[in-house]
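Chain A is the first sequence line, chain B the second, and so forth, proteins listed ahead of strands; every chain is numbered from 1. What's counted below: heavy atoms across the whole structure, side chains too, no hydrogens, waters or symmetry copies.
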2 protein chains.
Amino acid sequence: MALERDKVVAASLILLDEVGLDGLTMRALAKRLAVQAPTLYWHFPSKQALLDQMADAIIAPVPAAIPPGEPPDTVLRSLADAMRRALLSRRDGARVYAGTYVMGENVLAVADIALGALMQKGLDERGAADEMFNIVYYILGHAIEEQGFQERWVSADDGTVAGMRRLLAEPASRRFPSLSRCVDTILASDFDARFRRGVDSWLHGLERKEAAPRVRSARSASVKS
Amino acid sequence: MALERDKVVAASLILLDEVGLDGLTMRALAKRLAVQAPTLYWHFPSKQALLDQMADAIIAPVPAAIPPGEPPDTVLRSLADAMRRALLSRRDGARVYAGTYVMGENVLAVADIALGALMQKGLDERGAADEMFNIVYYILGHAIEEQGFQERWVSADDGTVAGMRRLLAEPASRRFPSLSRCVDTILASDFDARFRRGVDSWLHGLERKEAAPRVRSARSASVKS
DNA sequence: CACATTAATCTAACACCGTTAGAGTGCCGT
DNA sequence: ACGGCACTCTAACGGTGTTAGATTAATGTG
């Protein structure tokens with residue numbers, strides 16, 4: 001019963017790597033499973049339901065990648081790293097995940113780990129929830145843009161970033177001086193290094209939060225006094 | 001020549017608000033313009049090209065929303081705010097923007113402003129490029145999830161977040177203790193407040209960067225000595 | 001004015017998509 | 001032996017982005 005479902009999800013992930021999200025059709029998936037397309041609708045009520053399962057499967061390796069018993073900073077760093085790697089591990093993985101918004105088993109597990117580490121650092125419930133979403137948003141946006149960048153520019157017919165340089169360098173030269181100064185740095189962009197620095201910045205910001213517990217707002221304070 | 005193109009983009013943005021990205025078809029757009037669908041292909045080589053123009057149009061208001069002559073922190077804060085508002089101003093706006101990766105006029109202008117402010121704060125080219133992308137990733141991820149959350153949960157048949165509470169509270173209670181503690185906070189989530197705090201954290205992290213100029217790596221230092 | 005050219009739109013159609021209806025097929029418990 | 005169930009099939013519907021090629025409207029040129 002649930003065995004067949006898992007096999008379908010596994011096959012769809014392989015197909016995703018081969019043809020991308022736009023090429024992932026029910027008919028193509030059916031052919032790979034030596035089956036007719038409508039058969040899939042006995043196992044999944046819709047394509048979106050299948051995509052939801054795929055999204056959960058994509059981040060399934062994340063909870064297991066977190067070393068237990070480590071200090072919260074280590075947990076958070078490896079959590080961010082594992083989630084990024086999971087999203088990037090499949091072609092269009094970030095786009096699949098972004099389109100889902102479903103409360104899958106693994107999604108909940110990841111959230112639980114992040115919230116636990118954040119509260120262990122001294123944040124209250126709201127602070128932990130905020131920061132947990134913030135880092136997830138960052139990871140997701142980062143991965144979406146990275147994969148989109150690759151598909152659009154690196155694996156384009158051009159084959160290099162030369163086309164991008166042409167588009168960037170010309171109009172920037174006069175009207176956009178700051179951009180013009182940074183254009184070489186941007187073209188040589190290293191997503192991994194940038195991500196690491198981004199996570200560092202985030203963790204550094206957390207230090208401030210845990211050190212200085214939130215003050216009551218002026219209104220409620222005056223009411224109290 | 002370019003006049004007709006702009007009219008098509010404007011109409012497509014109105015249609016986007018009405019029917020969402022999934023409902024935005026070339027035939028529906030053509031009907032709104034009192035034209036047959038293939039006519040659009042005289043003005044745009046593909047639907048993706050139209051979406052690219054739409055994405056650039058969505059963030060067109062951003063550069064104008066930046067007060068000139070302000071200190072860089074103010075510039076960056078209002079830039080983040082304006083970009084977020086722009087993405088949220090159209091239905092599925094964030095998803096449209098995320099799928100584009102095009103070097104439009106306004107995209108370049110926004111990048112130029114951000115890079116200028118960051119370098120004015122003392123960051124070098126690479127630091128400015130990194131942080132500019134980081135904040136953009138964050139804004140984008142935030143907006144995508146917020147709009148997706150609304151479409152999937154708030155405007156669902158259920159009409160409220162009750163369905164989400166049901167899905168979250170039950171499985172969380174035993175296996176996910178931290179999540180369980182935060183579930184009420186999460187359900188009462190205020191995206192605006194969270195975004196403001198996220199930008200604050202980011203700006204705070206920048207202070208550290210500008211204060212402490214990067215040290216040479218150990219390897220190159222030892223070579224020097 | 002007549003005419004060739006160009007811009008813009010049309011109709012018709014292609015190949016494909018997600019999805020549904022409803023008819024089989026094989027197995028399993030009684 | 002047989003009813004029911006799990007699973008798969010064929011056929012088709014309405015829709016999609018996109019192309020080919022004919023047709024109209026406008027425009028500059030002799």
Side-chain angles (χ1 to χ4, degrees), chain A residues 1-55 91-92 95-102 148 151-152 156-157, chain B residues 1-55 91-92 95-102 148 151-152 156-157:
Chain A
M1 181 181 177
L3 194 137
E4 192 64 38
R5 268 178 73 100
D6 290 359
K7 210 151 60 177
V8 174
V9 172
S12 70
L13 286 174
I14 295 175
L15 184 60
L16 179 68
D17 270 341
E18 291 176 2
V19 299
L21 182 54
D22 296 337
L24 183 71
T25 78
M26 298 301 260
R27 286 177 170 85
L29 176 58
K31 175 173 283 185
R32 172 169 289 267
L33 291 163
V35 129
Q36 295 304 113
T39 298
L40 297 171
Y41 285 83
W42 193 91
H43 299 277
F44 296 90
S46 67
K47 185 182 184 180
Q48 186 56 55
L50 171 62
L51 287 169
D52 288 349
Q53 285 304 114
M54 289 171 65
R91 185 166 162 191
D92 293 327
R95 251 167 81 210
V96 171
Y97 184 85
T100 153
Y101 316 103
V102 87
E151 302 242 338
R152 185 102 172 206
D157 296 353
Chain B
M1 181 181 179
L3 193 135
E4 191 65 35
R5 266 177 76 99
D6 290 359
K7 210 151 59 176
V8 174
V9 172
S12 71
L13 286 174
I14 295 175
L15 185 60
L16 179 69
D17 271 339
E18 290 176 0
V19 299
L21 182 54
D22 296 336
L24 182 72
T25 77
M26 298 301 260
R27 286 178 172 83
L29 177 58
K31 177 173 281 183
R32 173 169 288 268
L33 291 164
V35 127
Q36 296 304 113
T39 297
L40 297 171
Y41 285 82
W42 193 91
H43 299 278
F44 296 90
S46 69
K47 185 181 184 181
Q48 186 56 55
L50 170 61
L51 287 169
D52 287 350
Q53 286 303 114
M54 289 172 63
R91 188 167 162 190
D92 293 325
R95 249 166 82 210
V96 171
Y97 184 85
T100 154
Y101 317 100
V102 86
E151 301 242 339
R152 183 102 173 207
D157 297 353

Side-chain polar contacts of residues 30-40 of chain B - donor-acceptor pairs under 3.5 angstrom, sequence neighbours left out - could you list them?
from  : atom 1 : to    : atom 2 : distance (Å)
B:R32 : NH2    : B:E18 : OE1    : 2.5
B:R32 : NH2    : B:E18 : OE2    : 3.0
B:T39 : OG1    : B:Q36 : O      : 3.3

Quiz item: Of the nucleotides C:dT9, C:dG18, D:dG17, which has the atom closest to the A:K47 side chain?
Solution: C:dG18
Pull out every protein N or O sitting under 3.5 Å from an N or O of nucleotides 23-27 of chain D, one pair per line with the distance.
none

Quiz prompt | Donor-acceptor under 3.5 Å (B:D52 side chain, B:V102 main chain) | solution = no
Quiz item: Which nucleotide in the list D:dT18, D:dT10, C:dC10 gets nearest to the side chain of A:P38?
Solution: D:dT10
Quiz prompt | Interatomic distance, B:R91 atom CZ to B:L16 atom CG [nearest 0.5 angstrom] | solution = 8.0 Å
Quiz item: Within a strict 4.5 Å, meaning less than it, do heavy atoms of the B:E151 and B:D92 side chains meet?
Solution: yes
Quiz item: From B:H43 NE2 over to B:D6 CG, what is the distance, rounded to the nearest 0.5 angstrom?
Solution: 11.5 Å
Quiz item: Could you state the OH-P distance from A:Y41 to C:dC17, rounded to the nearest angstrom?
Solution: 11 Å
Quiz item: Tell me: CG of A:L29 to C1' of C:dG18, nearest whole Å?
Solution: 13 Å
Quiz item: C:dG18, D:dT18, C:dT9: which one has an atom nearest the side-chain heavy atoms of B:V35?
Solution: C:dT9
Quiz item: Rounded to the nearest 0.5 Å, what separation is found between the CD atom of A:Q48 and the CE atom of A:M54?
Solution: 10.5 Å
Self-check item: Between C:dC10 (P) and B:K31 (NZ): distance, integer Å
Solution: 13 Å
Exercise. Grab the CD-C1' distance between A:E4 and D:dT8 for me, whole Å please.
Key: 11 Å
Quiz item: Starting at CZ of B:F44 and ending at C1' of D:dG17, how long is that distance when rounded to a whole Å?
Solution: 15 Å
Quiz prompt | Interatomic distance where CG belongs to B:L40 and C1' belongs to C:dT9 [whole Å] | solution = 11 Å
Self-check item: C:dT9 phosphate, OP1 or OP2, under 4.0 Å from B:H43 side-chain N/O
Solution: yes
Quiz item: Looking at side-chain heavy atoms only, is the closest gap between A:L51 and A:L24 below 4.5 Å?
Solution: yes
Quiz item: So which of residues 17-27 of chain B are in contact with DNA chain D, with a heavy-atom cut-off of under 4.0 Å?
Solution: B:L24, B:T25, B:M26, B:R27
Self-check item: Which atom of A:F44 lies closest to which atom of A:Q53, heavy atoms considered
Solution: CE2-CG, 3.9 Å
Quiz item: What are the two closest non-hydrogen atoms of B:A28 and B:G23, and how far apart are they?
Solution: CB-O, 4.3 Å
Quiz prompt | Rounded distance (Å) that lies between atom P of D:dC9 and atom CH2 of A:W42 | solution = 14 Å
Quiz item: Picking from D:dT10, C:dT20, D:dA6, which would you name as closest to the side chain of A:Q36?
Solution: D:dT10
